[in-house]
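What follows is a set of notes on a single structure, which appears directly below.
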Protein chains: 4
Amino acid sequence: MPPPSALPRARQSRADSRLPQLLDAAAAQFAAKGYQAASIRDIVQSVGMLPGSLYCHFANKDELLAAVYAEGVRRISAAVGRALSRHTDPWDRLEAACAAHLEALLDRSAYALVVTSVTPDSVPALAATLVSLRDGYEALFVDLIADLPLPARTARRTLRLLLLGALNWTPNWYRPDGRRTPRRLAREFVQLLKAPLYQPSAHASSSAHS
Amino acid sequence: MPPPSALPRARQSRADSRLPQLLDAAAAQFAAKGYQAASIRDIVQSVGMLPGSLYCHFANKDELLAAVYAEGVRRISAAVGRALSRHTDPWDRLEAACAAHLEALLDRSAYALVVTSVTPDSVPALAATLVSLRDGYEALFVDLIADLPLPARTARRTLRLLLLGALNWTPNWYRPDGRRTPRRLAREFVQLLKAPLYQPSAHASSSAHS
Amino acid sequence: MPPPSALPRARQSRADSRLPQLLDAAAAQFAAKGYQAASIRDIVQSVGMLPGSLYCHFANKDELLAAVYAEGVRRISAAVGRALSRHTDPWDRLEAACAAHLEALLDRSAYALVVTSVTPDSVPALAATLVSLRDGYEALFVDLIADLPLPARTARRTLRLLLLGALNWTPNWYRPDGRRTPRRLAREFVQLLKAPLYQPSAHASSSAHS
Amino acid sequence: MPPPSALPRARQSRADSRLPQLLDAAAAQFAAKGYQAASIRDIVQSVGMLPGSLYCHFANKDELLAAVYAEGVRRISAAVGRALSRHTDPWDRLEAACAAHLEALLDRSAYALVVTSVTPDSVPALAATLVSLRDGYEALFVDLIADLPLPARTARRTLRLLLLGALNWTPNWYRPDGRRTPRRLAREFVQLLKAPLYQPSAHASSSAHS
DNA sequence: AATGAATGAGACTTCATTCAT
DNA sequence: AATGAATGAAGTCTCATTCAT
């Protein structure tokens, strides 16, 4: 049922700018080709605009990337935040965060992918901004790992870098596949860290291969 | 037999070919800016040549990348190979491989970095070639992990992807620092996988943080 | 009749029209950068408007220039007119005119500068208009020089072109400086010309500079 | 008689680049439209090149202007120098210099015109360079005027600025015309100044015009 | 092996201007 | 009177590449 009087018409007609589509298109192109190789022509064309029109919304290509990157961080943060709210056990929370992170990276729109695939160094003018955005997000994992009940002397920082590196690298090899979902991959990653791999007893090791 | 008095002209004219410098320069630029953003101008300029001269050595920019990439894989493979030859224990061998991998990535010239920082997808015409080069190298890790004495049912492929992902991601955050050497980082990574992180006993966990 | 209690809305809305500021800004930009290089963006921005809003006041950039130019001629004419009204001796009147001309050019707002710095040829569509505006003003000097008691056969037109050229060129080298005021400069220019031409008696002329 | 064997063929084919034509075309366009309004497209098109080809010869548009401006100064300096070498009397030398200056400005190619029509301020990045080039040329007039036998206390600097201003402004009004040649104009300008300043005897000066 | 002038395409960006609101 | 999104053309400049020398 439509609202009795379509009041926000005027406001909406201003609001329905193509800016969101523009961001989407930019995210897609940046993720697919990288920042440099994605041309403004290609980006705007996919939303039916002309190159010059981009500059109504962004001062230049760099700022467009900054906006996409920020949105990417926002989305992945939100997804991880939502996932965390459903768990209390520290290890479960870590696994849920990994799963949400991987889902954002592997399943969804291109925003999250931009965050991991665009190296800040490759855009000197933005490097500081992008690094700070990414650090803001990764602070979340600092907390998650701080909450883990780990053996004394565990190198928590290294653990975080190990885990995030593994997660962020997945787009380099992951191919969608019914069996190996992002969620299951996250479970496996965390499981490998949780469980002891080292087996002092020799025969156990040999039996593993047999 | 060459004339005794002859200056080593012929040999020298081979030796002082600027092709190696060209490759070095290309590696440096590709690693620093990415394939697209590194211009042929920049590359040749840093060895004192002119753009057209590049084409005496390579048919085009793609082939230049292919050569750098191949050399990168060759170097990192050789380094890892040398490191492996000094160990027999499976875990030691894995750690040595990781250390050599990280050293190549973080310490040395830019060749290895090109291998991890240039996404094959970003150069469609070369994608297959590059992927196959990288796979050839990573096969080494398949073997190393196959040799590990692991508990039954361990997801060895996932373990490999976890570890290589973590290693390959390091250039995104690593900053040279006397204390945290690549070698030590490799040790910590492997240690985190070897040892059990999960602690069934509740108090142990809480005491870790208290 | 407007309601007595009405705030002076109507009058104010006229008064606070930003048209005068717009003209000022345009004069400043045209004078500083030239007609072509001064962008509408820059002009409107300095009065807090948006580019589209300019077209509420002027049909296009050319008409904006025409308005500024006309105002420039009007101001300099008025200034010279005021100065003339204070003198009766022909040479004094010429010097006063030169002083007013130079003051408008060197001291004041940018309007007068637009008149001398924007070459009519650089705006073909307006060339005729601008030339005619400038000629209107320069006619004043035709009269001033016609009134001078000069030796027979003096090339009065050439004298005018010499003098106006020298005056109009001053912005190319003049730098504000306490000692060399526009007024003093006008005096010096006229003196250099007057000495020979002014002829109450022969020795006066030669002694004028000694 | 042609050389028996056209040896410098090879050398010439390198030397016959279109750089001179490029400079000529740039001078023409800059003089006709001003620096900003003259587009690179127009300039190169008039010598049958493509826009990108310009950058084989000049790093950017500014450097092209710098080259044209420098050549303009060189040409006008050379012309004035040649003219000076034919006279010894100070006033004759000044008049000859003015004639050569005006001829370069009004008759010939566009180079000289660029020097007077492109305001250094309009190209901030080049302002210092252009001003210094122009000052180098105008130093010539400093000397010429220093050599004039003038009444004591004559403001020689002002005299120079008056004269050069008048000369440089001529392109704003001069229209080629059989009777009023640049040479004759120079004579009239100098005459207007000379009469009073020139002083073999006091009555001669007053009688000169009668 | 190397040069340097030239190409042709395409890059990002700015411009004056329009128009529904 | 003013906005702001959009246009379409044009701007300068860079790119990988070619080729006669």
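Letters A, B, ... mirror the listed sequences (proteins, then strands); counts begin at 1.
Residue pairs that meet the ring-ring contact (aromatic ring centres under 6.0 Å, His included) test with at least one member in residues 43-68 of chain B, sequence neighbours left out, do not exist here.
Applying the ring-ring contact (aromatic ring centres under 6.0 Å, His included) test to B:Phe30 and every residue at least two apart in sequence or in another chain returns B:Tyr35. By the side chain to side chain donor-acceptor pair (under 3.5 Å) test, C:Ser39 is found to be paired with C:Asp42, residues two or more places apart in sequence or in another chain being considered. Not counting sequence neighbours, D:Arg41 has no partner by the side chain to side chain donor-acceptor pair (under 3.5 Å) test. Listed by chain and number, the residues in a side chain to side chain donor-acceptor pair (under 3.5 Å) with B:Gln36 amount to none (sequence neighbours excluded). For A:Lys61, there are no side chain to side chain donor-acceptor pair (under 3.5 Å) partners two or more places apart in sequence or in a different chain.
The interatomic distance linking B:Phe58 (CZ) with E:dA2 (P) rounds to 12 Å, in whole Å. Distance, A:Gln21 CD to F:dA5 P: 14 Å, rounded to whole Å. In this structure, D:Glu63 atom CD and F:dC13 atom P are separated by 10 Å, rounded to whole Å. Atom pair A:Gln45:CD and F:dG8:C1' shows a separation of 15 Å (rounding to whole Å applied).
Taking all atoms of both residues into account, the shortest heavy-atom contact from D:Val47 to D:Ala25 is CG1-CB, 3.8 Å.
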Per-nt protein contacts along nucleotides 7-13 of chain E (heavy atom under 4.0 Å; B base, S backbone sugar-phosphate only, - none) come out as BB-SBSB
Pair up each side-chain donor or acceptor in residues 114-132 of chain D with any protein partner under 3.5 Å, not counting sequence neighbours, and list the distances.
residue, atom, partner, partner atom, Å
D:Thr116, OG1, D:Leu113, O, 3.3
D:Ser117, OG, D:Leu113, O, 2.9
D:Ser122, OG, D:Thr119, O, 2.6

Starting at the 5' end of DNA chain F, write a dot or bracket for each base, bracketing those in Watson-Crick or G-U wobble pairs whose two distances are under 3.5 Å and using | for partners on another strand.
-> .||||||||||||||||||||
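OP1 or OP2 of F:dG4 has not a single side-chain nitrogen or oxygen of A:His57 nearer than 4.0 Å.
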